[in-house]
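Notes follow once the structure below has been shown.
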Amino acid sequence: MAMGYSKEVMDHFTNPRNVGEIENPDGMGEVGNAKCGDIMRIYLRIVEDVIEDVKFMTFGCASAIATSSIATELIKGKKVEDALSLTNKAVVEALSDLPASKIHCSVLAEQAIKAAVKDYYDKNSIAYDAEIFTLLNEEHSH
Ligand code: FES
C-alpha cells in the first residue's frame with residue numbers, strides 16, 4: 001500500500017466526507033503549513049452551541065484530506081467545546097495511524113477546527129481563554 005497508509009486513511013482520502021463549503025458559516029477557519037504549502041479550511045454551522053453541520057475544503061496531500069474528513073466526522077453533532085478538545089492525536093488514532101512524516105497533516109486538522117471555533121467566538125463576542133488557541137500560533141516554524 002502506498003507509503004504504508006492504513007485502510008482508514010485510504011478510505012477517507014478516496015471517499016472524503018463533508019467536502020464543500022457552508023454559505024455564511026457561523027465559523028470558518030483557514031490554516032496552512034508553510035513547509036508543504038497545504039491549506040485547510042473548515043466551515044461550521046452552529047446552533048445553540050452544537051455543531052449542526054461542518055464542511056471542509058483542503059488543498060493538500062492525501063493525509064491532509066483524510067485527516068480533515070475524519071475530523072469533520074468526529075465533531076459533527078458535538079458541542080463546540082467538545083470540538084475544541086479534539087486533538088491531532090485523536091485524529092491519528094481514528095485513522096489507525098499515520099506515517100511519521102504525515103503527523104503534521106493531522107495537526108493542521110486540529111488547528112483548522114480551533115481556528116473556526118475562534119472565528120465563531122470572535123463573531124459572537126463570546127469570551128474565551130486565549131490559551132486554548134495557542135496551537136494556532138505555533139505553526140509557522142516548520
Ligand atoms: Fe503537509 Fe500533508 S504534507 S499537510
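All ligand and atom numbering here is 1-based and tracks the order in the structure.
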**OP:** Would you mind running through ligand 1 and noting each atom that sits below 4.0 Å from a heavy atom of Lys102?
**Re:** 3 (S)
Original post:
With ring centroids as reference points, do Tyr128 and Phe133 lie under 6.0 angstrom apart?
Top reply: yes
Original post:
Got an N, O or S from Cys105 under 2.8 Å of atom 2 (Fe) of ligand 1?
Top reply: yes
Original post:
Tell me, which protein residue and heavy-atom name are nearest atom 3 (S) of ligand 1, and how many Å apart are they?
Top reply: His104 NE2, 3.3 Å
Original post:
So, do Ser106 and Leu98 sit near enough that their side-chain heavy atoms are less than 4.5 Å apart?
Top reply: yes
**OP:** Step through the shown structure and confirm whether more than 12 heavy atoms of other residues, nucleotides or ligands are within 6.0 Å of NZ on Lys123.
**Re:** yes
Original post:
Identify the closest protein heavy atom to atom 4 (S) of ligand 1: which residue and atom is it, and at what distance?
Top reply: Asp38 OD2, 3.0 Å
Subject >> Numbered atoms of ligand 1 (with element) below 4.0 Å of Cys36, judged on heavy atoms >> reply: 1 (Fe), 3 (S), 4 (S)
**OP:** Looking only at protein heavy atoms, identify the closest one to atom 2 (Fe) of ligand 1 and say how far it is in Å.
**Re:** Cys61 SG, 2.2 Å
Subject >> Pair Tyr43, Asp53: side-chain N/O donor-acceptor within cut-off below 3.5 Å >> reply: no
**OP:** May I ask you to test the Tyr5-Ser63 pair for a side-chain heavy-atom distance under 4.5 Å?
**Re:** yes
**OP:** Dump the intermediate steps for salt bridge (charged side-chain N to carboxylate O under 4.0 Å, His left out) on Asp11 and Arg17, then the final yes or no.
**Re:** CA-CA 10 Å; Asp11 176 31; Arg17 329 295 201 265; 2.8 Å; yes
**OP:** Would you kindly specify which portion of Lys35 sits under 4.0 Å from ligand 1, judged on non-hydrogen atoms: side chain, backbone, both or neither?
**Re:** neither
